[in-house]
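Reading through the structure tokens given below for one structure.
All values reported here derive from a predicted model rather than from experimental measurement.
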Amino acid sequence: GIYVTDFGDDFCVVECELTPDTQNPLGMAHGGFVYSMCDIAAGVVVSQYAGKFVTLSGNLYFMRPGKGKKLRCEARIIKRGRTVNVVETSVFDNSGTLTAKGTFEIYIME
């Protein structure tokens, strides 16, 4: 249920509908699901110019509960290196409120 809705040279946007399958028992977006959104967005933005790559590390800070009908994750490359790229992610709820912020390091294998 995570879809790419926009992308360019150094950015990507993915979105998803919040459903009972993506929420925790408290009715907010499950943290693991939010992390997956960010990892996917980081991978898509790097895939535009890299062949094989893997996530080297990822840090995600949850600022507010992800609630509402949908979430949007914006990913931007903040450092493009020969072997390691750093991607910043921001997750917003459907009212535009920032709910999570992350940094992912992507290792380029070829």
Hey, are Ser90 and Glu74 close enough side-chain-wise for a donor-acceptor pair under 3.5 Å?
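No, because no side-chain N or O of Glu74 sits under 3.5 Å from a partner of the opposite role on Ser90.
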
Is it true that Ser95 and Asp93 share a donor-acceptor pair across their side chains at a distance under 3.5 Å?
yes

Minimum heavy-atom distance between [X] and [Y], given as atom pair plus value:
{"X": "Met28", "Y": "Lys67", "value": "CB-CG, 4.2 Å"}
{"X": "Leu71", "Y": "Gly66", "value": "CD2-CA, 4.2 Å"}
{"X": "Cys12", "Y": "Val4", "value": "SG-CG1, 4.2 Å"}
{"X": "Phe33", "Y": "Cys16", "value": "CE2-SG, 3.2 Å"}
{"X": "Pro65", "Y": "Thr99", "value": "O-CG2, 3.7 Å"}
{"X": "Glu88", "Y": "Ile78", "value": "CB-CG2, 3.9 Å"}

Taking the side chain as every heavy atom from C-beta outward, state whether [X] and [Y] have any pair of such atoms under 4.5 Å apart.
{"X": "Ile106", "Y": "Ile77", "answer": "no"}
{"X": "Arg72", "Y": "Val13", "answer": "yes"}
{"X": "Arg76", "Y": "Phe11", "answer": "yes"}

Evaluate whether atom NZ of Lys79 has more than 12 neighbouring non-hydrogen atoms of other residues, nucleotides or ligands under 6.0 angstrom away.
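Counting other residues, nucleotides and ligands, NZ of Lys79 exceeds 12 neighbours.
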
CZ/Phe7: more than 12 non-hydrogen atoms of other groups inside 6.0 Å
no

State the [atom1]-[atom2] distance between [X] and [Y], to the nearest 0.5 angstrom.
{"X": "Ser47", "Y": "Ile40", "atom1": "OG", "atom2": "CD1", "value": "11.5 Å"}
{"X": "Phe92", "Y": "Arg64", "atom1": "CZ", "atom2": "CZ", "value": "10.5 Å"}
{"X": "Tyr49", "Y": "Ile108", "atom1": "OH", "atom2": "CD1", "value": "5.0 Å"}
{"X": "Met63", "Y": "Thr97", "atom1": "CE", "atom2": "OG1", "value": "12.5 Å"}
{"X": "Phe53", "Y": "Glu110", "atom1": "CZ", "atom2": "CD", "value": "10.5 Å"}
{"X": "Phe104", "Y": "Asn59", "atom1": "CZ", "atom2": "CG", "value": "8.0 Å"}

ILVMFWY cluster, [X] and [Y] together (side-chain gap under 4.5 Å):
{"X": "Val34", "Y": "Val44", "result": "yes"}
{"X": "Ile2", "Y": "Leu60", "result": "yes"}
{"X": "Leu98", "Y": "Tyr61", "result": "no"}

Using modelled atom types only, decide if a donor and an acceptor are shared between the side chain of Gln23 and the backbone of Leu18 within a distance under 3.5 Å.
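A pair under 3.5 Å: no.
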
